[in-house]
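The structure under discussion appears below in the form of structure tokens.
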Amino acid sequence: MNKKTTPPNTPYAPQAIEAKWQKHWHDSQAFATPAHPATKKPYYILEMFPYPSGRIHMGHVRNYTFGDIVARTKRAQNFDVLHPMGWDAFGLPAENAARQSNKHPEAWTRANIDTMKRQLQAMGFAYDWSREIASCDVDYYKHEQKMFLAFYKHNIAYRKKAYVNWDPVEESVLANEQVIDGRGWRSGAVIERKQLTQWFLNISRYSQNLLDSLEPLDWPAKVARMQRNWIGASQGANVLFTSDKLPEPVRVFTTRPDTLFGASFCALSPEHPLATHLAHNNPALRRFIDTYKATHHARSEEHDKQGIDTGITVAHPFITDLKLPLYVANFVLMDYGTGAVFGCPAHDPRDFEFAQKYQLPIRPVITAPNGESLPYVGDGVVCNSDFLDGMDSAQAKARVIAELDKRGLGSAQRRYRLRDWGISRQRYWGCPIPIIHCPTCGVVPVPEKDLPVTLPHDVDFSVSGNPLDHHPHWKHVTCPTCGGQATRETDTLDTFFESSWYFARFTAPQSPQAFDEEALRTWMPVDCYIGGIEHAILHLLYARFFMRALQDSGYGIPDGAIEPFKRLLTQGMVCHPTYQDVEGTWLEPQEVHSDKAGNAVDKDGRAVVVGRMEKMSKSKKNVIDPQAIIEQWGCDTARLFMVSDTPPERDLEWSDSGIKGVHRYLKRLYTTLDDLCVGLKGVRAHDIGKSHGDTATLRAIHQAIRDVTEDLAHHRFNRAVAAVRILSNHLFGLDGGDEDVAPLLKSGLQVLLVLQNPFTPHLCEELWARLGGEADLTRTPWPVCESGFLQQDDAQIAVQVNGKLRGTLTLPKGSGEQAAVDAARALPRIQALLAEQSPKKVIYVPERLLNLVV
RNA sequence: GCGGACGUGGUGGAAUGGUAGACACAAGGGACUUAAAAUCCCUCGCUGGUAAUCGGUGUGCGAGUUCGAGUCUCGCCGUCCGCACCA
């Protein structure tokens, strides 16, 4: 094997070193996933695959650097590592590009993939590229069509007419999860409510299971909590309010059945079927309904409560002579609970507001603590409530439910906020839904033999709307059942479909079936999954659901793969200050300089407004292009900077001086070893498992091994870097020319290179080779810390009087309390403070601290 | 409004209830240099002191628990995030 090194006494030239080792790793297949059955323990490290938007950005660099550090560490620690990469390649930006620049979405996407792949390779990430997936490949999405049909067969995929979130800019529907503050997550357009027939996946069936299984996951507590809140379980009761004027009783869901005696009205959602029924001969009601069901805007942004009395009254389940007016009200949501509520104004702020507006009775039924005004929403002792009087809320709830049950007027009920996942999108660049609509047979699945349904290539983006729908002939087919004229489903699948199973596909990406059960058994779940917190709900919830749904639809998903991500690391954003000129135009960081006084100015010397640290984004131009950093400093510098100072889950503040500082260290490491390696190459390294006269150096080596190993195991990358720096500071202080020192220095430097390798692998490989390392660092095992060498003979002990630090002592290890007290009392300062008194109490923590209480 | 997280030097950040500020960045001083860059060395929470291996003080504010609190508890203030008419 050719492992020539650059000649000594040359300056650090990262580009040459990096290209050389990237080629070497590529040629030697250094990161191929080991074949199975494995002799070692498997470890699956995965970073969220990117959308091929054009070029990689700093967010990618940070995310994938973390993953690479884990991958390289685990490999050195004798694991069989699966570390794949692919492309989340369907999606709207490709269509926008097609509309703007007349480029076909596929060509645009493929070109972006090429660019980004080259950029990722230039970062030296240890991926097994033979497992690369692009989700827009027919070979990938064809499996999705089978999954969809399996879901359909098992009633997990179904069609219903529903009010959906319509994004007028994207001209497509969005999932609830994609609507943020009433606006589209990508377009920012105000979302409209439209009634359409759409495909849904029955994720809500798994609500409780998805909730319960969060518990054992090694996820950030914040993410688990977000999912819990999103699923939003609540325990309560269904209650029926009857009326002989209605075809059926009003069914209400409440979490406060203990306040039932305080009811003063009932209210239906504008979309409620009973409301529609009543509107038939009530034009005012009709108008009210039409106003409020049309837009999201009127529902969620204007919070004033509007209602209309239907003129109907309903019977209170317990108070025989109480008839409650039935309203239709804008604040009642159709898609939560039953779409109907009973109003208890005394104990619910919304009902209170509504009751005040429409002069409805406000009757307290929970004794509010002194000083609490109505509406009082807390629990308490029930009053004015017949058989519930004197009970606390919990008892009252149970009792009401029991009574309702007895009378057939209600029952206990558990509800979830989570709604079914709408998966239809009126888009071209996505996976076609394999369904045919026949005027005689209805909904007909595309038969297995006709799969996959592929996207037509010749599409027209010059008209708005879904290109599949106005394609001249693609959708026109004959019905597989009756042979009559029929049309294809022209909606495509939400692109979250692709990311819901790609991690499982990576375990056997060439398998003719979607999954290879054996491979799933070997690799799944993903041991460590790294990505942005913005996917805390959408992607991570869908993926968890998908594995369950696939298993229930006949796919051989092993139980061990049901929770796909065992451990999750959510990395923070990469941030940079923003700059604007006097006109408010955003400026790129390169366009901003500082004048003599240190003020930010533009190229013409005009003042620049420096904004706060914000996530790097194209729109505000506060971006640093990774490509430029790689070219100027090398990828090792970029990688080390990504992890040096800030814990991974926090936002990283980009700084030029930070980059320079990291580079200065690498340069120093390079030149120091460049000098030393000539002399050390022939030296036989000291076995760090054996003792050495220089106990301090040996201790520094073992301490570094222990600290870096533990910090990496806990993803404390910044601390691991600090531990590496401590070792380097120690080793740089040694005299390499001293022949007693040389063997231990050499082993110290070797340990340093192995420990630092996950961060800056190219430089470490180069220096390792120059130092005479046998195998590549990619095949060099991780060093072992012998705790025996960490021991010191003496311990420094803090001496406190009454808990305040008053001095320090150096005592031999294992000194007893009496020896410590005697030594402390010998210190002049302690003597003065004690003033002849004996301590009332002595707290002695061996080898750490002595506290004398007087 | 509800839920949560966080608050430590000029900056990023360390710190199993046990010597706060590891490791860096910036800054200042010095060496080398005709000069600059680069590199190397030193200083670096605040404060008193010529100085010390010196004193005082210090982890948003106020209380509490403890021999001892950046860390635990309670109450404020501030920042950030999530959800938001979810009955």
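- Computed from coordinates, the A:K660 NZ to B:G12 C1' distance equals 17 Å when rounded to whole Å.
- Distance alone, capped at 3.5 Å, is enough to place a donor-acceptor pair between the A:Q831 side chain and the A:R825 backbone.
- Separating the P atom of B:A14 from that of B:G78 is a span of 26 Å, rounded to the nearest Å.
- Under 4.0 angstrom from either OP1 or OP2 of B:A14 there lies at least one side-chain N or O belonging to A:N718.
- Atoms CZ (A:F352) and P (B:A87) sit 20 Å apart, rounded to a whole Å.
- To the nearest whole angstrom, the two P atoms, one in B:C46 and one in B:C80, are 28 Å apart.
- Side-chain N/O atoms of A:R650 include one lying less than 4.0 angstrom from OP1 or OP2 on B:A14.
- If you check distances only, the side chain of A:Q796 does reach the base of B:U19 with a donor-acceptor pair under 3.5 Å.
- Using a 4.0 Å cut-off, some side-chain N or O of A:R664 falls inside it from OP1 or OP2 of B:C25.
- When the C1' atom is compared between B:G49 and B:A36, the two are found 39 Å apart, to the nearest whole Å.
- Rounded to a whole angstrom, the distance from the P atom of B:A37 to that of B:A26 is 14 Å.
- Rounded to whole Å, atom P of B:G18 lies 16 Å from atom CG of A:L850.
- Using modelled atom types, one finds a donor on one side chain and an acceptor on the other under 3.5 Å when comparing A:Q306 with A:D304.
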All N/O pairs under 3.5 Å across the protein-nucleotides 45-54 of chain B interface:
none

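- Judged by the 6.0 Å and 45° rule, A:R725 forms a cation-pi pair with A:Y665.
- Taking atom C1' on both nucleotides, B:C44 is separated from B:A22 by 15 Å, rounded to a whole Å.
- Using cut-offs of 30° and 60° for the angle between ring planes, the A:H316 and A:F241 rings count as perpendicular.
- Taking atom CG of residue A:D645 and atom P of nucleotide B:G12, one finds them 10 Å apart after rounding to whole Å.
- When heavy atoms are screened at a 4.0 angstrom cut-off, A:S234 is found touching the sugar-phosphate backbone but no base atom.
- Residue A:R716 contributes atom CZ, which lies 21 Å from atom P of B:G12 at whole-angstrom precision.
- In A:Q235, the CD atom is crowded: over 12 heavy atoms of neighbouring residues, nucleotides or ligands sit closer than 6.0 Å.
- Between A:K222 and B:G4, a side-chain N or O to OP1/OP2 separation shorter than 4.0 Å is absent.
- Ring pair A:Y358/A:F354 is tilted by interplanar angle, where 30° to 60° counts as tilted.
- Residue A:R806 qualifies as enclosed at atom CZ: its count of foreign heavy atoms under 6.0 Å is above 12.
- A:R415 comes within 4.0 angstrom of nothing in the nucleic acid, heavy atoms only.
- OP1 or OP2 of B:A84 has at least one side-chain nitrogen or oxygen of A:R417 nearer than 4.0 Å.
- Listed candidates were B:U19, B:C67, B:A87. Nearest to the side chain of A:V332 is B:A87.
- The A:I843 side chain lies nearest to B:C67 when the options are B:A84, B:A87, B:C67.
- Here, B:A69 and B:G17 have their P atoms 14 Å apart, quoted to the whole Å.
- Look at A:R848 and you'll find a side-chain N or O under 4.0 angstrom from OP1 or OP2 of B:U19.
- If you check every strand for non-hydrogen atoms under 4.0 Å, A:R228 touches nothing.
- Cation-pi geometry between A:K667 and A:Y12 is not satisfied (NZ or CZ under 6.0 Å from the ring centre, within 45° of the ring normal).
- When the C1' atom is compared between B:U57 and B:C42, the two are found 26 Å apart, to the nearest whole Å.
- Contact annotation: A:N229 does not reach the phosphate of B:C2 (side-chain N/O to OP1 or OP2, under 4.0 Å).
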